[in-house]
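Working notes, structure below.
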Amino acid sequence: MKNLFTAVITLLFVVPLCAQTTAPSSGGREKKATAIPPATTNSTLSTSQSEILEAIENRMIRVEGGEFTMGCPAETDSTCYYWEKPAHKVKLSTFYMAKYAVTQKEWQAIVGDKPWFSKDCAECPVENVSWYDAQIFISKLNQLTGKFYRLPTEAEWEYAARGGNKSKNYKFAGGNNLNLVGWYEGNSNKVSHPVGAKLPNELGLYDMSGNVWQWCSDWFDDKYYSTSPAENPQGPGRDSYRACRGGSWWSEEKDCRLSNRDRYPPDARDDDVGFRIAKD
């Protein structure tokens, strides 16, 4: 179990879907949207910041478009939650996905503060950042680079985690043995770990299963899969929660499966929630 402080923080915001087997509640306390302040332009980059920006771009991995089955096939997986169903065909255009989740070092170079609960660990994924916080990072990154980074959609995240058109249909990102490819409650010692320490998936992406949950761009709807478009789905209309994927150092093994989904209010922060970036 997390420490008392983390538990209190979690209760104040939301109990994640991954801890439930019943329908997520539509009630509860309303969360106020956090305004995203405009990013300031920095015309003079430090050497370290320039190196980090270059590394971010060099670590974007091309994910060739294609068609895949999104969601959990109940006939072959008895651990499916209902919000992973029905399994359905999705076709995606080509995009790019970051090799690693955004790290503490990258966050501090771009945003300048230290939001994480954990000890300083430059190569560990940044955590304790809300969906809105991720947008601030991305806005500043785009101003500094002149590019258009963004959060991946749920469909893009799952397709990339499955290995894209190189997929070998693993249960987790990179294999069927989670101990080899991800950090979860069974091997993490209840802390996050430096990115890239486990084996990558078929595309060379690391930590898509475990370490930290990763924000996606979509709003969350547990019944969305029944009406999702077949091509480049962007998620449902506005709701109370944003989607996140992948499981974390605190998750059970079954909750790190590639089809599993989670939700948080967009202004919620937790010590096992971070993000990775994508771009067209």
Side-chain angles (χ1 to χ4, degrees), residues 2 6 9-10 12-20 24-25 28 31 33-34 70-72 81-84 97-98 100-103 107 115-117 124-138 149-162 172-173 182-185 188 192 195 205-222 224-225 228 233-236 238-278:
K2 295 183 181 180
T6 303
I9 292 296
T10 303
L12 283 174
F13 289 115
V14 64
V15 176
L17 268 179
C18 63
Q20 306 179 37
S25 172
K31 309 295 294 185
T34 302
M70 184 175 183
C72 188
Y81 296 118
Y82 77 87
W83 49 80
E84 304 172 48
M97 183 76 87
Y100 307 116
V102 172
T103 64
W107 179 276
W116 44 89
F117 284 144
C124 288
V126 68
E127 30 87 346
N128 195 36
V129 288
S130 70
W131 188 92
Y132 292 120
D133 294 332
Q135 299 303 317
I136 292 173
F137 175 91
I138 290 169
Y149 296 103
R150 56 180 176 80
L151 291 177
T153 65
E154 272 202 90
E156 288 173 336
W157 190 97
E158 185 171 327
Y159 179 62
R162 289 185 180 280
F172 307 106
W183 299 105
Y184 70 111
E185 69 163 3
S188 69
S192 63
V195 298
L205 299 171
Y206 291 82
D207 300 294
M208 296 292 277
S209 292
N211 218 1
V212 292
W213 287 98
Q214 299 168 29
W215 288 111
C216 293
S217 62
D218 309 38
W219 291 101
F220 183 90
D221 180 349
D222 56 10
Y224 178 64
Y225 283 5
S228 172
Q234 301 296 305
R238 185 177 179 87
D239 206 298
S240 299
Y241 302 94
R242 290 285 185 176
C244 52
R245 289 299 203 106
S248 78
W249 54 262
W250 194 45
S251 299
E252 296 179 23
E253 180 174 338
K254 66 178 181 179
D255 292 325
C256 296
R257 291 174 300 106
L258 296 177
S259 59
N260 189 34
R261 312 167 66 204
D262 204 346
R263 65 173 194 179
Y264 282 89
D267 57 353
R269 300 182 178 100
D270 206 347
D271 61 351
D272 66 342
V273 180
F275 66 102
R276 78 175 64 214
I277 54 175

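The figures here come from the full heavy-atom set of this structure, side chains too, leaving out hydrogens, waters and symmetry mates. The structure presented is a predicted model; accordingly, all values stated were derived computationally and were not measured.
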Item to check | Any donor-acceptor pair under 3.5 Å from E158 side chain to G71 backbone | outcome: yes
Item to check | Contact summary for W183 and D207, nearest pair of heavy atoms | outcome: CD1-OD1, 4.0 Å
Item to check | Closest non-hydrogen atom pair between I138 and R150, with its separation | outcome: CD1-C, 3.7 Å
Checklist entry - Taking the side chain from R162 and the backbone from Y159, do they hold a donor-acceptor pair closer than 3.5 Å? => result no
Next on the checklist: Taking P115's backbone N and O only, do any of them form a donor-acceptor pair with N128's side chain (distance below 3.5 Å, no angle check)?
Outcome noted: yes
Checklist entry - So how far is it from I277 CD1 to F137 CZ, rounded to the nearest 0.5 Å? => result 6.0 Å
Item to check | Side-chain donor/acceptor of E127 to backbone N/O of F117, under 3.5 Å | outcome: yes
Next on the checklist: Using modelled atom types and a 3.5 Å cut-off, is there a donor and acceptor pairing between side-chain atoms of Y224 and backbone atoms of G235?
Outcome noted: yes
Item to check | Side-chain H-bond candidate by donor/acceptor type, D222 with Y82, under 3.5 Å | outcome: yes
Next on the checklist: Given 3.5 Å as the limit, does a donor-acceptor pair link the side chain of W131 with the main chain of C216, or not?
Outcome noted: yes
Checklist outcome for this item: Closest non-hydrogen atoms of A98 and R276, given as atom of the first, atom of the second and distance, are O-NH1, 2.9 Å
Checklist entry - Which heavy-atom pair separates P266 from W215 by the least distance, and what is that distance? => result CA-CH2, 4.4 Å
Checklist entry - Has the side chain of S209 got a donor or acceptor atom that lies under 3.5 Å from a matching backbone atom of A173? => result yes
Checklist entry - From D221 CG over to W83 CH2, what is the distance, rounded to the nearest 0.5 angstrom? => result 13.5 Å
Next on the checklist: So does Y264 get a backbone contact from the side chain of R242, meaning a donor-acceptor N/O pair under 3.5 Å?
Outcome noted: no
Checklist entry - Between atom SG of C124 and atom CG of N211, what is the distance when rounded to the nearest 0.5 Å? => result 7.0 Å
Item to check | Salt-bridge contact E154-R245 (side-chain N to carboxylate O under 4.0 Å) | outcome: yes
Next on the checklist: Could you go through N260 and K254, starting from their C-alpha distance and side-chain angles, then the distance that decides it, and tell me whether this counts as side-chain contact (heavy atoms from CB on, under 4.5 Å)?
Outcome noted: CA-CA 8 Å; N260 189 34; K254 66 178 181 179; over 6 Å; no
Checklist entry - Do you know which two heavy atoms are closest between T153 and Q234, and how far apart they sit? => result CG2-OE1, 3.7 Å
Checklist entry - D255 and Y184: side-chain hydrogen bond (donor to acceptor under 3.5 Å, both in side chains), yes or no, with the steps? => result CA-CA 9 Å; D255 292 325; Y184 70 111; over 6 Å; no
Item to check | Criterion side-chain contact (heavy atoms from CB on, under 4.5 Å) on F275 and V126, from CA distance to verdict | outcome: CA-CA 8 Å; F275 66 102; V126 68; 4.0 Å; yes
Next on the checklist: If I take atom CG from residue D262 and atom OG from residue S251, how far apart are they, to the nearest 0.5 angstrom?
Outcome noted: 7.5 Å
Checklist entry - So, the side chain of S228 versus the backbone of Y225: is there a donor-acceptor pair under 3.5 Å, distance only? => result no
Checklist entry - Rounded to the nearest 0.5 Å, what separation is found between the CG atom of D218 and the SG atom of C244? => result 11.0 Å
Checklist entry - Which heavy atom of V195 sits nearest a heavy atom of P125, and at what distance? => result CG1-CD, 3.9 Å
Checklist entry - Does the side-chain contact (heavy atoms from CB on, under 4.5 Å) test come out yes or no for E253 and F172, once each step is laid out? => result CA-CA 9 Å; E253 180 174 338; F172 307 106; 3.5 Å; yes
Item to check | Y81 side, atom OH; R257 side, atom CZ - distance, nearest 0.5 Å | outcome: 6.5 Å
